[in-house]
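Read through the structure below, which is laid out as structure tokens, and then see the notes.
Order of listing sets the numbers, starting from 1, for every ligand and every atom in it. All residue numbers refer to positions in the sequence shown, counting from 1.
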Amino acid sequence: MSQELAMALVELNRDKAMELVRSRAEKGEDPLGILAECRDGMTIVGERFQAGDYYLAELLLSGEIFKAAIAFLEPYLAKVLPAKPLGKVVLATVRGDIHDLGKNILSVLLKAQGFEVHDLGVDVAPAKIVETVKEVQPGFVGFSALITTSFPAMKETAQMLVEAGLRDKVKLMVGGGVTTPALKDYVGADFQTIDATAGVSYCLQNVEGR
Ligand code: B12
């Protein structure tokens, strides 16, 4: 495979990337394969960022292209996913934190595996998360964090889930670049990772009835 699409993301060429996504989807190519190549592009962008060759602007621009590709592919993905969702996941970046690139990647990967994702967005109040969990009755709840100052809000939300009698009905995940096993213990979560694919594997392994 040429990885032409991945490289279009890396080169921040939005027109070329979207044209490739459109033409390949319309030709009937598996949308999951197209998405995987976009992810490859994001991985390279991440590596260049880590190496200091790319700056924040490149990270944000490539993230925007990735989001546009996902939005375009959503109807194609809907056709290849199982009619009955595998399970439900509520995701949020909690109060005080506005980072969402990692959470959005996780959301797409979960949807691609057949999970129904309720993404509450960023800077989400603990009460809103608890209310949604009550309403949706998910099997999984995921908090994404990129700044350490949001840790107390994660703990507070977990505590509110306990008080609402909901905590033992869900598997609670924490993820994001600044998270650690110590945070998992502090929050009282079941799982922690800095890798979205590990989060997806965790959900797949813990889906009821499997
Ligand atoms: C991009 C970025 C921004 C963007 C965010 C854009 C957006 N829409 O998200 C902007 C410019 C807005 C921004 C703002 C700020 N930022 Co910023 N930002 C970053 C940066 C460069 C990259 C983060 C990122 O997106 N990484 C890429 C994604 C894909 O990785 P990821 O989130 O870890 O996600 C992966 C996994 O962790 C996993 N995952 C993520 N979430 C979850 C959840 C679950 C449940 C699971 C299972 C998995 C999972 O999936 C992803 C794929 O594998 C980091 C530096 C760095 N190198 O990390 C700083 C960084 C996170 N930012 C930082 C700071 C301080 C800020 C600001 C406060 C800056 C300021 N002074 O104004 C503000 C935040 C304001 C706020 N209240 O939130 C600090 C945090 C320091 C700390 N330890 O707390 C960092 C570490 C930079 C630094 N070294 O100082 N930022």
Check your understanding: Can a donor-acceptor pair be found between the side chains of Thr197 and Asp195 at a distance below 3.5 Å?
Key -> yes
Review point. Can you find a heavy atom in the side chain of Val141 that is under 4.5 Å from one in the side chain of Met173?
Key: no
Practice item. Specify side chain, backbone, both or neither for Leu91, according to which of its non-hydrogen atoms lie closer than 4.0 Å to ligand 1. Key: neither
Practice item. Would you mind reporting whether Asp97 and Val122 have side-chain heavy atoms less than 4.5 Å apart? Key: no
Exercise for review: Compute the minimum heavy-atom distance from Phe143 to ligand 1 and say whether it is under 4.0 Å.
Suggested key: yes
Review point. Does an N or O anywhere in Gly96 fall below 3.5 Å from an N or O of ligand 1?
Key: yes
Point to revise | Contact check, side chains of Arg95 and Val124, non-hydrogen atoms, under 4.5 Å | key: no
Point to revise | Protein contact to atom 41 (N) of ligand 1 [nearest heavy atom, distance to 0.1 Å] | key: Ser144 OG, 2.7 Å
Exercise for review: Measure from the side-chain N and O atoms of Glu37 to the backbone N and O of Leu5, and report whether any donor-acceptor pair falls under 3.5 Å.
Suggested key: yes
Practice item. Output yes when the distance from some N or O of ligand 1 to some N or O of Thr149 is under 3.5 Å, and no in every other case. Key: no
Review point. For ligand 1, which atoms, with element, lie under 4.0 Å from some heavy atom of Thr193?
Key: 46 (C), 47 (C), 48 (C)
Practice item. Spell out, yes or no, whether Val94 and Val170 are grouped together once hydrophobic residues are joined by side-chain heavy atoms under 4.5 Å, including indirect joins. Key: yes
Exercise for review: Step through it carefully: locate the ring centre of Phe191, locate the ring centre of Tyr202, and say whether they are under 6.0 Å apart.
Suggested key: yes
**Study point:** atom 75 (C) of ligand 1: nearest protein contact (heavy atom, Å)
**Key:** Ile98 CG1, 3.7 Å
Review point. Who's the nearest protein heavy-atom neighbour of atom 74 (C) of ligand 1, and how far?
Key: His99 CE1, 3.6 Å
Check your understanding: How far is atom 6 (C) of ligand 1 from its nearest protein heavy atom, and which residue and atom is that?
Key -> Leu60 CD2, 3.5 Å
Exercise for review: For atom 58 (O) of ligand 1, find the nearest protein heavy atom and state the residue, atom name and distance (0.1 Å precision).
Suggested key: Leu146 CD1, 4.3 Å
Practice item. May I ask whether atom 84 (O) of ligand 1 is less than 4.0 Å from at least one protein heavy atom? Key: yes
Check your understanding: Is Val133 linked to Phe143 within one hydrophobic cluster, defined over Ile, Leu, Val, Met, Phe, Trp and Tyr using a side-chain heavy-atom separation of less than 4.5 Å?
Key -> yes
**Study point:** Heavy-atom protein contact below 4.0 Å for atom 26 (N) of ligand 1
**Key:** no
Check your understanding: Within the structure, does at least one protein heavy atom fall under 4.0 Å of atom 87 (C) of ligand 1?
Key -> no
Review point. If you measure from the Lys or Arg side-chain nitrogens to the Asp or Glu carboxylate oxygens, is any gap between Glu19 and Lys16 under 4.0 Å?
Key: no
Check your understanding: Between the candidates Leu59, Leu106, Asp123, which shows the shortest non-hydrogen contact distance to atom 44 (C) of ligand 1?
Key -> Leu106
Study note, to complete from the structure: Looking only at protein heavy atoms, what sits closest to atom 79 (C) of ligand 1 is Ile147 CG2, 4.3 Å
Study note, to complete from the structure: For atom 30 (O) of ligand 1, the closest protein heavy atom turns out to be Gly102 CA, 4.4 Å
Review point. Do NZ/NE/NH1/NH2 and the carboxylate oxygens of Glu64 and Arg14 come within less than 4.0 Å?
Key: no
Review point. Do the rings of Phe140 and Phe115 sit parallel, tilted or perpendicular, given the 30° and 60° boundaries?
Key: perpendicular
Exercise for review: Pull out every atom of ligand 1 sitting under 4.0 Å from any heavy atom of Gly199, numbered as shown with elements.
Suggested key: 47 (C)
Check your understanding: Is Asp190 salt-bridged to Arg167, going by a charged N under 4.0 Å from an acidic O?
Key -> yes
**Study point:** Interfacing atoms of ligand 1 (cut-off 4.0 Å, heavy-atom, Asp97)
**Key:** 78 (O)
Review point. Can you check whether Asp119 reaches Asn104 side chain to side chain, under 4.5 Å on heavy atoms?
Key: yes
**Study point:** ligand 1 atoms in contact with Asp195 (distance to a heavy atom under 4.0 Å)
**Key:** 36 (C), 53 (O)
Review point. Is there a nitrogen or oxygen of Ala196 sitting under 3.5 Å from a nitrogen or oxygen of ligand 1?
Key: yes
Review point. Is at least one protein non-hydrogen atom found at under 4.0 angstrom from atom 49 (C) of ligand 1?
Key: yes
Review point. Does atom 90 (O) of ligand 1 have a protein heavy-atom neighbour under 4.0 Å away?
Key: no
Exercise for review: For residues Lys169 and Pro138, determine if any side-chain heavy atom of one lies less than 4.5 Å from a side-chain heavy atom of the other.
Suggested key: no
Review point. Hey, quick one: are Met18 and Val10 part of the same hydrophobic cluster, counting side-chain heavy atoms closer than 4.5 Å, chains of contacts allowed?
Key: no
Exercise for review: Would you mind reporting whether Leu9 and Met42 have side-chain heavy atoms less than 4.5 Å apart?
Suggested key: yes
Study note, to complete from the structure: Closest to atom 20 (C) of ligand 1 by heavy-atom distance, out of Leu56, Val45, Thr197, is Leu56
Point to revise | Val178 neighbourhood, listing ligand 1 atoms whose heavy-atom distance to it stays under 4.0 Å | key: 83 (N)
Review point. Taking side chain as C-beta onward, heavy atoms only, is Leu166 less than 4.5 Å from Val130?
Key: yes
Practice item. Return yes when at least one protein heavy atom is under 4.0 Å from atom 9 (O) of ligand 1, and no when none is. Key: yes
Check your understanding: Less than 4.0 Å between atom 37 (O) of ligand 1 and some protein heavy atom, yes or no?
Key -> yes
Review point. For Asp100, is at least one N or O under 3.5 Å away from an N or O on ligand 1?
Key: yes
Check your understanding: Looking at atom 70 (C) of ligand 1, would you say a protein heavy atom lies below 4.0 Å from it?
Key -> no
Review point. Can you tell me which residue and heavy atom of the protein come closest to atom 56 (C) of ligand 1, and the distance to 0.1 Å?
Key: Phe49 CE2, 4.1 Å
